[in-house]
Amino acid sequence: MKFNSLPRVRLASLPTPIQFLPNLTEKLGGPKIWVKRDDLTGLAFGGNKARKLEYLMADAVENNADYIVTGAGFHSNWCTQTAAAAKKLGLKIKLIKFGPRPGYDGDDWDGNHLLHHLMGAEITVVKPDDFMSTIEATMKKLKDEGHRPYYIPVGGSVALGAAGYLNAMLELKYQTAEMGLQFDYLVHATGSGGTQAGLVAGSKAFNTGIKVIGACVGYTEKEAQIERVKEIIQETKEKLELDFTVEDDDLIAYNEYVGGGYGYISEEKAEAVKLLAETEGICIDPVYTATAMACLIDLAKKGEFTDKDNVLFLHTGGAVALFPYKEPLKAHIEKKPLPWTVPKWSPQQE
Ligand SMILES: Cc1ncc(COP(=O)(O)O)c(C=O)c1O
């Protein structure tokens with residue numbers, strides 16, 4: 001199957017804008033900082049998953065699915081965008097969500113959890129250890145009932161999902177040609193790895209010359225994250241019949257900005273959220289994009305980029321998560337100690 005003949009349903013508003021960030025650039029005093037606004041893809045509250053879902057949902061429709069089955073953490077952006085895509089296409093959706101530790105009030109509907117309910121997703125909340133077995137049981141039950149469920153793994157980080165970011169790199173290539181601009185680096189948040197896999201594959205396949213930097217959002221060894229991204233790139237190359245070579249130095253992952261783990265909010269992440277909001281009026285989220293921005297700020301401060309470099313920050317969305325994090329964010333603004341760093345809906349203890 002060739003990339004340009006892949007079935008695709010249009011879900012995202014594309015191309016997303018590229019904007020210069022003059023105030024942040026001045027504040028950091030080094031390279032020129034730009035943003036690509038993938039938070040404006042327009043599916044629910046926007047975000048990176050809309051691009052992946054264009055190919056994944058096309059496959060679901062081709063397979064005549066009537067139900068989408070997927071899952072992730074309690075406040076997952078992936079679940080929000082997948083529910084939105086399913087509803088737009090007239091499909092039902094089952095979300096298996098893992099997370100809240102005992103004692104958390106699951107009736108506290110806020111952020112993405114509220115959106116999942118608003119979109120009429122059928123939600124099951126489980127302990128992390130029961131996640132995969134619950135997905136399997138859900139698939140079996142739906143099939144036994146005569147339905148045609150289509151399963152999408154966490155984050156849509158398979159070849160068809162990565163195709164969305166391969167396409168984003170092509171879009172970027174056209175945009176920069178029109179703007180007469182060359183980006184040296186692209187910094188983004190990397191989790192399940194499909195976004196990074198698509199970006200790296202696209203950068204190589206379309207010869208953009210852009211170095212892709214991933215900031216890990218969960219506590220993962222760098223090598224493990226790179227391995228995960230490499231596997232998705234390989235799967236993508238085979239499935240889409242692409243011909244390019246990825247060298248070791250094309251795969252860059254930093255795990256220094258995670259703090260205490262996935263979803264953990266640190267002073268650095270809270271500061272990244274505040275800095276972008278107060279310099280440029282752009283809202284990022286405390287889990288993903290704040291980690292990537294904290295990474296970009298630190299690399300700029302350490303002189304990893306030259307003053308001549310153009311650095312593109314990929315805003316992958318998720319700002320709806322600001323609201324469940326309102327207590328630590330308020331404390332950060334008021335210069336008080338953070339009341340908590342590990343959210344109540346996370347399985348991890350403080
Ligand atoms: C806002 C946001 N940014 C980045 C990512 C990471 O993307 P990926 O899972 O493809 O690595 C996610 C994943 O859920 C996300 O929600």
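If you're wondering where the values come from, they're calculated on a predicted model, not measured in any experiment. Start at 1 and go down the list; that is how both ligands and their atoms are numbered.
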Should you measure from each heavy atom of [X], which atoms of ligand 1 turn up under 4.0 Å away?
X: S192; result: 8 (P), 9 (O), 10 (O), 11 (O)
X: A189; result: 4 (C), 6 (C)
X: G317; result: 1 (C)
X: N77; result: 1 (C), 15 (C), 16 (O)
X: G191; result: 6 (C), 8 (P), 9 (O), 11 (O)
X: T195; result: 7 (O), 8 (P), 10 (O)

task: Might you work through the ring-ring contact (aromatic ring centres under 6.0 Å, His included) test for Y325 and W340, ending with a clear yes or no?
output: CA-CA 9 Å; Y325 281 87; W340 51 263; 5.6 Å; yes

Residues, nucleotides or ligands: over 12 heavy atoms within 6.0 Å of D243 CG: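 Counting neighbours around CG of D243, 12 or fewer heavy atoms of other residues, nucleotides or ligands fall under 6.0 Å, so no.
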
query: Should the pair W109 and H113 be assigned to parallel (<30°), tilted (30 to 60°) or perpendicular (>60°) ring geometry?
result: perpendicular

Whether H75 and W345 hold their rings parallel, tilted or perpendicular, with breakpoints at 30° and 60°: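 Correct class here is perpendicular.
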
Is ligand 1 less than 4.0 angstrom away from at least one heavy atom of [X]?
X: K49; answer: yes
X: S157; answer: yes
X: T289; answer: no

message: I'd like to check the salt bridge (Lys or Arg N to Asp or Glu O under 4.0 Å) partners of K335; sequence neighbours left out, ordered by chain and number.
response: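 Checked K335 against salt bridge (Lys or Arg N to Asp or Glu O under 4.0 Å); zero matches.
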
field: Results of salt bridge (Lys or Arg N to Asp or Glu O under 4.0 Å) for K204 - residues two or more places apart only
entry: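 Partners of K204 under the salt bridge (Lys or Arg N to Asp or Glu O under 4.0 Å) test: D250.
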
field: Aromatic Y257 / basic K269 pairing, under 6.0 angstrom, 45° off normal
entry: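 Relative to the ring axis of Y257, which defines the angle, K269 lies outside at least one limit.
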
query: So, for G317 and D285, which heavy atoms are closest and what is the spacing to 0.1 Å?
result: O-OD1, 3.4 Å

task: Return yes if a side-chain donor-acceptor contact under 3.5 Å exists between S157 and K52, otherwise no.
output: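 The answer is yes; a qualifying pair exists.
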
Distance from [atom] to nearest protein heavy atom, with residue and atom:
atom: atom 2 (C) of ligand 1; value: Y288 CG, 3.3 Å
atom: atom 7 (O) of ligand 1; value: N48 ND2, 3.2 Å
atom: atom 4 (C) of ligand 1; value: T316 OG1, 3.3 Å

Distance-only N or O hit between ligand 1 and G155, under 3.5 Å: no

- request: Flag D285 as yes when one of its N or O atoms lies below 3.5 Å from any N or O atom of ligand 1, and as no otherwise.
  value: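 No, since none of the N or O atoms of D285 sits under 3.5 Å from an N or O of ligand 1.
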
query: If you measure from each non-hydrogen atom of H188 to ligand 1, which part falls under 4.0 Å: side chain, backbone, both or neither?
result: neither

message: Checking side-chain hydrogen bond (donor to acceptor under 3.5 Å, both in side chains) between K36 and each of H188, H315, Q175, which is the one that passes?
response: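 The side-chain hydrogen bond (donor to acceptor under 3.5 Å, both in side chains) with K36 is passed solely by Q175 among H188, H315, Q175.
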
